[in-house]
Amino acid sequence: MDRYTSNQGKVVWFWGSENTLSSNDLEIEWGECLAMIEKVNIQLKSDIWLWKTGAEAEEFMVSKLRSELDRIDTMNETRVIKWLHWIPKKVNCFLWRLVLDRLTTREALQLRHIPLTSISCPFCNNAVESVNHLLVSCDLAQQIWTVIFQWTKLSLPRYTLSVVQLLELILSHKCNKIKKRSLYVVVAATCWKIWLTRNDIIFKQKSTSVSKMIADIKAVSFTWINNRAGLSDLGWDNWRSFNF
Ligand SMILES: [Zn+2]
């Protein structure tokens with residue numbers, strides 16, 4: 001505003017400095033600068049950020065950017081990831097890495113040429129340890145999912161091949177929002193527990209039983225919900241019977 005006057009809506013720019021335009025070059029640059037800024041429509045109100053995704057520019061808001069990004073299917077698998085605050089951040093990140101097949105399973109380490117004594121599943125020793133074998137198709141994982149699905153009163157499809165498929169099943173399940181989020185928490189807790197148990201076997205030579213793992217899954221998922229979901233009337237008895 002130090003460099004223009006407004007006369008009945010018509011903006012006139014002036015040099016406005018005590019130093020005069022002392023050279024021809026400066027004179028030319030000033031002329032070019034004016035040619036650019038004269039195209040700008042000056043209004044006497046505060047500046048706002050605009051952005052344009054369609055025909056018209058509109059006011060920029062972070063929420064609009066978020067919904068714009070959500071519409072882009074850059075990685076199909078991550079559509080099932082919900083970044084739910086009922087789950088600790090590290091477990092959300094674990095799930096995200098899981099669906100992108102970025103966990104450090106023995107199969108993944110072998111692909112990166114890490115020397116290993118075995119690439120077999122530490123539970124069954126019967127197949128290569130891939131993410132989906134370890135967490136879904138291994139006998140031990142199947143036993144766990146069977147009990148978890150009975151507990152949550154869902155029917156486990158006969159052929160479940162991936163965690164993405166399990167998450168899709170839950171997200172398309174017809175139920176209220178609290179139940180749906182709770183089911184998501186249960187799937188997260190189950191994958192997390194299987195992964196921790198696998199690490200205990202490999203790095204601490206510590207084994208456990210299916211029933212102990214199930215008990216831990218119920219307990220840890222209840223701890224998360226109880227501390228993070230703000231559902232004051234959900235007690236342990238409701239959770240244990242998955243009845244709320
Ligand atoms: Zn196995």
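First listed ligand is number 1; within each ligand, the first listed atom is number 1. Just so you know, residue 1 is the first one in the sequence shown, and it goes up from there.
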Kindly list each side-chain donor-acceptor pair under 3.5 angstrom involving residues 112-123, sequence neighbours excluded, with atom names and distances?
residue : atom : partner : partner atom : Å
Arg112  : NH1  : Ala108  : O            : 2.8
Ser118  : OG   : Ser120  : N            : 3.0

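Within the protein, the number of N/O/S atoms found under 2.8 Å from the Zn ion (ligand 1) is 4.
The closest side-chain heavy-atom distance from Asp233 to Phe244 is not below 4.5 Å.
Remark: Thr190 pairs with no residue by the side-chain hydrogen bond (donor to acceptor under 3.5 Å, both in side chains) rule, at least two apart or across chains. For Cys93, the side chain to side chain contact (heavy atoms under 4.5 Å, CB included) partners are Trp83, not counting sequence neighbours.
Formation of a donor-acceptor pair under 3.5 Å by the Lys204 side chain with backbone atoms of Asn199 is not found in this model. Between the Lys82 side chain and the Arg181 main chain, no donor and acceptor come within less than 3.5 Å of each other.
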